[in-house]
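Some notes on the structure that comes next.
Because the structure is a prediction, the values reported are computed rather than measured.
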Amino acid sequence: MASFTLRPSDREEFDSLLGGIVQQFPDAQVEAAHNDTWNSYRVDVSCADPAAGPLIAWLLDSHASCPRT
């Protein structure tokens, strides 16, 4: 199981990240919030095995610079 919070740096990365996860990993649980005024973006995602490995690999390949906790 993988579970973490991603902090995209801008709206473009937020949209790309959210769209990619929803499209490629439909079984993932996703909660997203944004505030364009404050430039604040957050994507909480959790995914059960066996999709957790591919999700992490995709994040490292496509959004490696996005901070996550």
Side-chain angles (χ1 to χ4, degrees):
M1 171 124 185
S3 182
F4 36 83
T5 297
L6 301 153
R7 301 266 182 203
S9 59
D10 57 30
R11 181 60 186 256
E12 184 178 337
E13 185 177 21
F14 173 82
D15 290 342
S16 173
L17 182 63
L18 185 57
I21 292 171
V22 170
Q23 188 174 43
Q24 295 185 44
F25 303 95
D27 293 335
Q29 300 297 316
V30 179
E31 242 183 80
H34 67 85
N35 183 321
D36 291 327
T37 302
W38 293 96
N39 291 323
S40 174
Y41 307 96
R42 187 190 87 240
V43 177
D44 296 319
V45 61
S46 60
C47 188
D49 292 328
L55 172 61
I56 293 169
W58 178 81
L59 287 170
L60 291 173
D61 185 49
S62 302
H63 295 278
S65 64
C66 183
R68 61 185 167 130
T69 56

What distance separates [X] [atom1] from [Y] [atom2], expressed to the nearest 0.5 Å?
X	Y	atom1	atom2	result
Tyr41	Glu12	OH	CD	10.5 Å
Asp10	Asp15	CG	CG	9.0 Å
Glu13	Arg7	CD	CZ	13.0 Å
Leu6	His63	CG	NE2	9.0 Å
Cys66	Leu60	SG	CG	11.0 Å

pair [X]-[Y]: side-chain heavy atoms closer than 4.5 Å:
X	Y	result
Trp58	Gln24	yes
Val45	Phe25	no
Thr69	Phe4	no
Met1	Ser46	yes
Arg42	Thr5	yes
Asp44	Val30	no

* Establish, from distance only, whether the side-chain atoms of His34 and Arg11 form a donor-acceptor pair under 3.5 Å. => yes
* Structure fact -> In short, Phe14 meets Ala33 closest at the heavy-atom pair CE1-O, 3.6 Å
